[in-house]
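Written below as structure tokens is the structure these notes are about.
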Amino acid sequence: MKKSATVRYAITVAALALTLNVPFAASAASSAGVQAVPTQTAGNGPQADSRLVPLRVVAETVGASVKWKGGGNISIARGSSAIELRVGGTTALVNGKPQNIGLAVQTIGGKTYVALDFLNAALGSRLGWDEANQKVVIPKDDYVSLASRFVYELIHGNADAAAAVLSPAVKPALPAAALQTLWPSLVQGYGVTPNQSSATVEPNAVHTNVRLTYEGAALPFEITVRFDSEGRVDDLAFSPVSAAEPYRAPAYDHAEKYTEKEVVIGEGTFALPGTLTMPKGEGPFPAVVLVHGSGPHDRDSTIGGAKPFRDLAVGLAGKGIAVLRYEKVTLEHTLKSSIVPNFSIEDETVNDALKAVKLLKETDGIDPRRIFVVGHSQGGFAVPKLIELDAEGSVAGAVLLSGPSGKFGDILVEQQQIALERMKQLGFPQETLAQQEQALASMSGIVSVLNDPQFSAANLPSPDRFPLQPAYWWYDIRDYVPAETAKTQQRPLLILQGENDWQVSMKQFEGWKEALKNRTDVEYKSYPKMNHLLTEYDNLSVGTEYSRAANVSAELIEDIAAWIQKRQPK
């Protein structure tokens with residue numbers, strides 16, 4: 001729920017240096033000064049008719065690293081592929097096994113040339129070579145090579161070549177200056193190297209996503225390149241690879257009780273891919289839309305070793321309740337959403353949730369009179385706004401999971417204060433406590449600027465005074481108090497809270513109770529061991545446990561299901 005500098009995740013040009021992937025058929029080989037080499041053919045062997053191509057340009061274009069070891073020996077590495085060859089040689093070692101290269105490795109004009117067919121076979125690529133223009137050619141469906149090529153252009157500062165493969169929708173977010181400084185920013189901030197260690201392709205209903213992992217100073221670093229239906233780079237995302245334990249499915253995940261299918265929420269530039277989990281059997285079924293907390297979350301709301309939204313989906317579906325979850329707009333469209341004028345919580349959270357509700361109303365097997373929203377953290381904070389904007393009355397009620405009841409800015413200070421108190425109780429080192437005290441002081445200063453009456457959504461402070469960007473987001477909701485908004489609303493609510501949650505505390509839970517004490521259609525429950533990820537933790541939570549594999553409390557799922565099932569349409 002912590003909104004730090006990632007709100008919308010402050011994709012300023014500097015922070016932008018955090019993800020890149022793009023489909024590519026053009027090359028900047030010419031900008032590297034590649035010399036033309038006459039086509040040669042081998043006399044025999046599996047690489048007959050192979051052409052000699054510039055080794056470094058071709059290999060690095062698809063994410064391989066090339067190292068000269070002296071004495072004419074060369075090492076090439078890409079992921080699990082390790083290649084050893086020698087200038088003048090016609091054989092190479094590929095993952096320790098000898099292979100025929102075909103044409104001898106040659107050095108011409110100070111550059112090394114290798115048979116293209118051999119490189120393709122060894123690297124698992126399908127590259128072509130444009131002899132006339134001295135450029136690498138990549139098939140339109142070789143997304144790993146296209147994404148790797150895009151990153152190659154970033155590494156070499158080839159802004160024009162990188163811009164040439166961007167979709168019209170994302171181009172305004174990636175001007176030449178951003179493209180040129182993106183890779184240097186990643187190197188400076190995360191120690192990212194050009195050495196690609198893995199690549200995976202993950203298509204969804206909106207994008208074909210390529211996840212490229214590169215070596216980093218502390219942890220591997222992941223760059224996700226998102227391609228649109230026309231093979232253009234449509235967005236990017238970057239993040240250090242989590243050191244968390246692998247996720248484990250919960251005991252209540254009974255696959256025989258439900259089906260899942262890919263769906264699309266909304267349409268156009270900001271359409272979102274999602275998953276509809278449907279109970280097996282005869283409907284129509286009640287349904288819920290899961291609404292994310294702050295940050296660029298995936299449809300499972302993956303945090304460390306937990307996937308709370310996946311757990312909620314399979315758990316509720318097993319009890320006869322359909323669940324719709326989706327990628328958050330700030331994840332699926334990170335850069336494009338960053339340039340939306342006056343980006344607000346409605347843009348980030350509310351509008352997409354209402355589109356998801358609309359999709360459920362139009363879905364066979366769903367009872368349109370029994371559609372609920374389940375908001376976690378910031379998603380719960382936004383529920384009163386969502387109900388306020390639900391003009392058609394499509395939402396039958398809502399469940400708030402660790403949802404703040406007070407002002408967002410005040411909660412940020414409260415978070416840091418609670419974290420400090422808990423660290424003291426746990427006996428953290430004095431150095432760590434001092435750092436947390438500094439974090440508390442810093443956040444208190446930022447929030448004092450937020451609450452300064454001289455500033456407003458129409459008169460924003462400068463970034464040096466208010467570093468949480470975009471500032472409009474914060475000032476637009478500065479005076480919004482969800483519990484006060486909910487006082488006069490009439491949709492039934494179930495408000496659930498973990499007592500072991502430091503990010504949204506029991507103080508917020510009590511705030512809901514006090515504000516809504518005159519409403520008779522609100523139920524409450526808290527759980528002694530539950531932390532902010534809705535999982536049980538025996539010790540005092542300060543977030544260090546988020547890396548462990550853990551699942552949403554079965555008791556929580558039971559309570560949500562029982563509350564929904566008893567809400568019958570009038």
Side-chain angles (χ1 to χ4, degrees), residues 2-23 143 147 150-151 154 162-163 165-175 177-179 181-183 185-186 189-190 192 200 202-214 221-229 232-242 264-266 268-274 292-303 325-349 351-352 378 468-470 472-473:
K2 188 173 176 186
K3 192 96 189 160
S4 75
T6 26
V7 115
R8 205 240 274 48
Y9 312 94
I11 294 292
T12 57
V13 169
L16 256 181
L18 278 177
T19 120
L20 292 161
N21 288 2
V22 61
Y143 287 102
F150 182 69
V151 176
L154 295 175
V165 298
L166 297 177
S167 73
V170 79
K171 276 187 177 181
L174 284 174
L179 289 168
T181 60
L182 187 48
W183 186 261
S185 297
L186 292 178
Y190 299 91
V192 181
T200 57
E202 300 176 2
N204 62 34
V206 172
H207 288 126
T208 297
N209 302 291
V210 182
R211 301 189 187 281
L212 303 175
T213 304
Y214 291 84
F221 195 85
E222 186 175 84
I223 298 176
T224 301
V225 181
R226 306 193 192 281
F227 294 95
D228 67 14
S229 60
R232 300 170 300 195
V233 176
D234 192 53
D235 222 297
L236 305 169
F238 343 70
S239 64
V241 175
S242 171
V264 178
I265 291 87
T269 300
F270 294 104
L272 298 173
H292 312 81
S294 63
H297 290 287
D298 64 19
R299 69 189 72 188
D300 296 331
S301 196
T302 303
I303 301 175
R325 65 194 197 273
Y326 50 90
E327 307 290 305
K328 194 173 177 183
V329 68
T330 47
L331 179 74
E332 192 69 22
H333 304 286
T334 305
L335 302 186
K336 295 195 298 293
S337 65
S338 74
I339 58 171
V340 172
N342 296 336
F343 190 81
S344 66
I345 197 170
E346 286 83 4
D347 298 308
E348 183 188 7
T349 300
N351 295 340
D352 292 326
Q378 180 183 298
L468 301 184
Q469 296 295 312
Y472 181 89
W473 191 98

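From a predicted model like this one, the values you see are computed outputs, not experimental measurements. When reading the values below, keep in mind they use all heavy atoms of this one structure, side chains included, and skip hydrogens, waters and symmetry mates. Residue indices begin at 1 and follow the sequence shown.
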Using the side chain to side chain donor-acceptor pair (under 3.5 Å) definition, which of the options His297, His292, Glu348 pairs with Lys328? Glu348
With a 4.5 Å heavy-atom cut-off, do [X] and [Y] have their side chains touching?
X      : Y      : answer
Glu332 : Pro273 : yes
Arg325 : Ser301 : no
His333 : Leu272 : yes
Asn351 : Val329 : no
Arg232 : Val165 : no

What are the two closest non-hydrogen atoms of [X] and [Y], and how far apart are they?
X      : Y      : result
Val206 : Ala271 : CG2-O, 3.6 Å
Tyr326 : Thr349 : OH-O, 4.5 Å
Asp352 : Asp347 : OD2-O, 4.0 Å
Pro172 : Ala169 : CD-O, 3.6 Å

Going through the checks in order, is the side chain to side chain contact (heavy atoms under 4.5 Å, CB included) test met by Thr330 and Phe343? CA-CA 11 Å; Thr330 47; Phe343 190 81; 3.9 Å; yes
Nearest 0.5 angstrom please: [X] [atom1] to [Y] [atom2], how far?
X      : Y      : atom1 : atom2 : answer
Lys336 : Asp235 : NZ    : CG    : 4.0 Å
Thr213 : Ile223 : OG1   : CD1   : 9.0 Å
Leu154 : Leu236 : CG    : CG    : 7.5 Å

Would the distance check show the side chain of [X] and the main-chain N or O of [Y] forming a donor-acceptor pair, the cut-off being under 3.5 Å?
X      : Y      : value
Asn209 : Arg226 : no
Glu327 : Asp298 : no
Thr334 : Leu331 : yes

Evaluate the criterion side chain to side chain contact (heavy atoms under 4.5 Å, CB included) for residue pair Tyr472 and Val340; output intermediate values, then yes/no. CA-CA 11 Å; Tyr472 181 89; Val340 172; over 6 Å; no
Hey, mind stepping through Asp228 and Val170 against side chain to side chain contact (heavy atoms under 4.5 Å, CB included) and telling me if it holds? CA-CA 11 Å; Asp228 67 14; Val170 79; over 6 Å; no
Any idea how Phe221 and Tyr190 line up, ring-wise: parallel (<30°), tilted (30 to 60°), or perpendicular (>60°)? tilted
Looking only at the side chains, is there a donor atom on one of Asp234 and His207 sitting less than 3.5 Å from an acceptor on the other? yes
Please determine whether side chain to side chain contact (heavy atoms under 4.5 Å, CB included) holds for the pair Gln378 and Ile345, giving the CA-CA distance in whole Å, both sets of side-chain angles, and the decisive distance to 0.1 Å. CA-CA 9 Å; Gln378 180 183 298; Ile345 197 170; 4.1 Å; yes
